[in-house]
Trainee: 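Dumping the structure here so I can ask a few things about it.
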Amino acid sequence: MPYDHQSIEKKWQKKWEESPESQGDDSDQDTLYHLVMFPYPSGSGLHVGHVESYSAVDMLTRMERMRGKKVLFPMGYDAFGLPAENYAIKTGVHPAQTTAKAIETFRTQLKSIGLSFDWDREVSTADPDYYRWTQWLFLLFFKNGLAYRAKSPVNWCTSCTTVLANEQVVSGACERCDSEVIQKELEQWFFKITDYAERLLTGMDTIDWPEKIKAMQRNWIGKSVGATVDFSVVDHDATVSVFTTRPDTLFGATYVVLAPEHALVDQLVADESRTDVEAYRVAAGKKSALERTELQKVKTGVFTGAYAINPVNDEKIPIWIADYVMVTYGTGAIMAVPAHDERDFEFAKKYKLPIKKVVEPPVLQEVMNPDVGISNGAQTQVKIITDCFTSDGTAVNSGLLDCLKTNEAKEKINGWLTENGLGGAKTTYRIRDWLVSRQRYWGAPIPIIWCESCGPQPVPENQLPVVLPNDVDFKPTGESPLVGSKTFHDVTCPACSAPARRESDTMDTFVDSSWYYLRYCDPKNDQAFADREKIDNWCPVDLYVGGAEHAVMHLLYARFFSYALHDLGYVGYEEPFVKLRNQGLILGPDGDKMSKSKGNVVNPDEIVSQYGADSIRLYEMFLGPLEDEKPWDTKGVVGVRRFLEKVWKLQDIIVLEPVEGLETQLHKTIKKVTGDYEELRFNTAIAKLMELTNAATSAGKIGRDQYAVLVQLLAPLAPHLSEELWELLGHKESIFTSTWPTFDPKKIVDTQIEMGVQVNGKVRGSVVLAPDASEDEAMAAAHADENVTKYLDGKDVMKIIYVPGRILNIVVK
RNA sequence: GGGCGAGUGGUGAAAUUGGUAUACACGCUAGCCUUAGGAGCUAGUGCCGCAAGGCGUGAGGGUUCGAGUCCCUCCUCGCCCACCA
């Protein structure tokens, strides 16, 4: 009987559907929560990249369940979002229809690869029963001061006349129509993620995440320790406050720069400079974010005609505006110290501004290698960029700071600034509050009602969800399509009953995905987003797997939500995802990123029908380490398919008694495979299973119980085939109700091992020995090897290094 | 400019963490079988060399009995961030 993947996979998928494996009730003690990033249900269906991460976690989940753990492993859909809405603009087909159809397709595809999701817990963010709680969470944040409304510059597409999210701006242009994106000042809704900047930073020390993701989040949060310094303005009743990380260089400040958008510019600018300053501000405002950052080669600026007083030495220094200073960072103003900052140096040279040296570089010093204890001759050369020195050193020309090292000088000047009420130590963060409102249709409506007299009022909880209306025109106008819906827009104020209007913006879809893993814990609950006990039973998530592209968006937002919900008493922990792993991109066969335009997209359906679900699962895991980028090679699928066929054929050579010669290898395989699965190292686990299969094939026989163990080890990877073989072995119950095999430590000890013999460090032969053989025995064996003795003849043995079981090295002269 | 990571056969990749480099698989070569095969089986396959032997993990140094692995100096590639004061 040949291995017929199609009938086997159909048969078992049907059985799993009819009697899904119990995932345990919510009061179980021995629980794990395995999570994969839920997909956006795109019209093009499941991608091989989805298969990669879902298969990996499915395998670990199946093993843990066989080891007696209750594992929550849910799936859902991140169903709101732009593509469906854009499709509606083009075709008039309602996003709800497009999305529902795509979800159908995804579900069918996911089931076709035999993933053991708990389908009872499936969620969709576009479902009113889901977004009702997204809205509820918005109101929770609103009532607790974590959601607020403010004016802010946002990305504006001139052609689509609509706001774009940062991620929808590609190289300064609209991703949809490729036209220019400019900055526009609009009033928007924000979440106060900045309140959590420090905790989001320090919390990372407690979680097992890839260093790369942590680094990206740290960089995004952008903590910077320094000081503020207040400069009074000559002939004006005004103070310019600047932020600097080098307060120790205050004596070297020779001018002050404000961002063009800085609020004080209007007040300070001298009449004779007004025309120039205005022209510069207009020009800067027109520049896109792209131009302002990428055309950084040339710095430009304009003198305002005003002067500031350096508080530490009473020097009168000019105030400039320049767009190399960002209004959004620090105080939007800097003190320029050209002698010790490259940007200021460049600017000062261009505009002939004075450069004053206040830090002396340290002298050259010899560095001792602490490991060796002797000088290795390496030296640290101080970095001198022509006349600009940016490293630490010793203060000079700095009055009270003279002769102090940079660190000491910082401390001293900060104290002085504080004492004199002129500023002092200050830490800033680069992260900005999260802009969550979108002038879009296909998202969760923001549950706020605007009243002339009462201001923004939360929609009463018993009126949630605020359901998306259907009487809308999707054509972009610059306003949310919801404005056009009379049934939606015109309401009464919940506080005073006066006529009022409903907020017409919807929420960023990242709000939906910031809490979805909580909904899985209790997906049918209509009293709360989830029951606290159920959350605490499963959460935090033990293992989270998904793409690295979400490093500073979803993964940061979800952490913020978790911290906020913790503080408000809704969850019992701060960090939501204890362990995170990123799957590497699967590239096209040509080594390029898969894309429709390149025509190198591999459709998993075709692989499933031709080779089988078990083969595609196994193949994607066998490709290489989960976290690496790997090119797809359809020919490689043949290899794992052959392996499955070999396993299938082993049925023909089953014997009743265990085959002695396979016993050690079997137990070593149990050990290796179990450990590898735990670490998500499926490629080496599969290789080990192949070796065992090859060994059994060569031996021409395998014991019935030995075969059963092999099938069990294979079960998480190739669930359909393993179920079938398990049944053929005479079992009535699913293989996944069986107990995961354990190895016998006594059986993994080799009685004989092959060991290399080196002469002067070069391998010259090998000997077969007991692993605990004595040095004399090892030497005797080595002398019996003529290739070894050839190199020993006529030489004196100086030294013998013998590491039992590892190596014998004979040093001769 | 900053951060993270990687360079091993023709290809995807292994290497018990300092102990016989290239496991496993693809591909390729030869042979067998077959009407045929994008099927199966057997053997071979790092490089140079007829051989003995030599050389081999991006390059060059170092430590060590022994280095893909540790240390130093470089080179190349990938990803992310970037006028952040």
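Labels below follow one simple rule: chain letters A, B, ... track the order of the sequence lines, proteins then strands, and each chain is numbered from 1.
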Trainee: For I801(A), answer base if it contacts any base atom (sugar-phosphate contacts may also be present), sugar-phosphate if it contacts only those atoms, and nothing otherwise; contact means non-hydrogen atoms under 4.0 Å.
Mentor: base

Trainee: Taking any heavy-atom pair under 4.0 Å as a contact, classify Q217(A): base, sugar-phosphate, or nothing.
Mentor: nothing

Trainee: Donor-acceptor pair under 3.5 Å: do we get one between K299(A)'s side chain and the base of C83(B)?
Mentor: yes

Trainee: Scan E754(A) against the nucleic acid and name what it touches under 4.0 Å (heavy atoms): base, sugar-phosphate only, or nothing.
Mentor: base

Trainee: Inspect the contact between R764(A) and D785(A) and indicate whether a charged nitrogen and a carboxylate oxygen are less than 4.0 angstrom apart.
Mentor: no

Trainee: Looking only at atom types and distance, does a side-chain atom of D433(A) sit under 3.5 Å from a main-chain N or O of I193(A), one as donor and one as acceptor?
Mentor: yes

Trainee: Over 60° means perpendicular and under 30° means parallel, so classify the ring planes of F682(A) and Y677(A), tilted if in between.
Mentor: tilted

Trainee: Roughly, in whole Å, what's the span from CG in D676(A) to C1' in A14(B)?
Mentor: 11 Å

Trainee: Hey, is the side chain of N809(A) pairing donor to acceptor with the base of C65(B) inside 3.5 Å?
Mentor: yes

Trainee: Will you find, in the side chains of N787(A) and K790(A), an N or O donor that is under 3.5 Å from an N or O acceptor?
Mentor: yes

Trainee: For the pair F243(A) and Y329(A), name the ring-plane relationship: parallel under 30°, tilted 30 to 60°, perpendicular over 60°.
Mentor: perpendicular

Trainee: For K214(A), report the nucleic acid contact type (base, sugar-phosphate, nothing); a contact means any heavy atom under 4.0 Å.
Mentor: nothing

Trainee: Could you pick out which residue, V811(A) or V763(A), lies toward the 5' side of RNA chain B when each is mapped onto its nearest nucleotide?
Mentor: V763(A)

Trainee: Output the rounded distance in Å from CG (D633(A)) to C1' (G10(B)).
Mentor: 13 Å

Trainee: R681(A) near the nucleic acid: base, sugar-phosphate alone, or nothing, with a heavy-atom cut-off under 4.0 Å?
Mentor: nothing

Trainee: To the nearest Å, how far apart are Y611(A) OH and A39(B) P?
Mentor: 9 Å

Trainee: Under 4.0 angstrom, heavy atoms only, what part of the nucleic acid is M755(A) near: base, sugar-phosphate, or nothing?
Mentor: base

Trainee: Assign E211(A) to base, sugar-phosphate, or nothing according to its heavy-atom contacts below 4.0 angstrom with the strands shown.
Mentor: nothing

Trainee: What does D344(A) touch in the nucleic acid at a heavy-atom separation under 4.0 angstrom: a base, only the sugar-phosphate, or nothing?
Mentor: nothing

Trainee: Once you round it to whole Å, what is the distance between C1' of C65(B) and OH of Y791(A)?
Mentor: 18 Å

Trainee: State the syn/anti category of U35(B) according to its glycosidic angle, syn meaning within 90° of 0.
Mentor: anti

Trainee: For G756(A), answer base if it contacts any base atom (sugar-phosphate contacts may also be present), sugar-phosphate if it contacts only those atoms, and nothing otherwise; contact means non-hydrogen atoms under 4.0 Å.
Mentor: base

Trainee: Just call it for P625(A): base, sugar-phosphate, or nothing, with non-hydrogen atoms closer than 4.0 Å on any strand.
Mentor: sugar-phosphate

Trainee: Looking for any heavy atom pair under 4.0 Å, which part of the strands does R218(A) touch: base, sugar-phosphate only, or nothing?
Mentor: nothing

Trainee: What integer distance in Å separates K646(A):NZ from A25(B):C1'?
Mentor: 10 Å

Trainee: Looking across every strand, which nucleic acid part, if any, lies under 4.0 Å from D628(A) by heavy atom: base, sugar-phosphate, or nothing?
Mentor: nothing

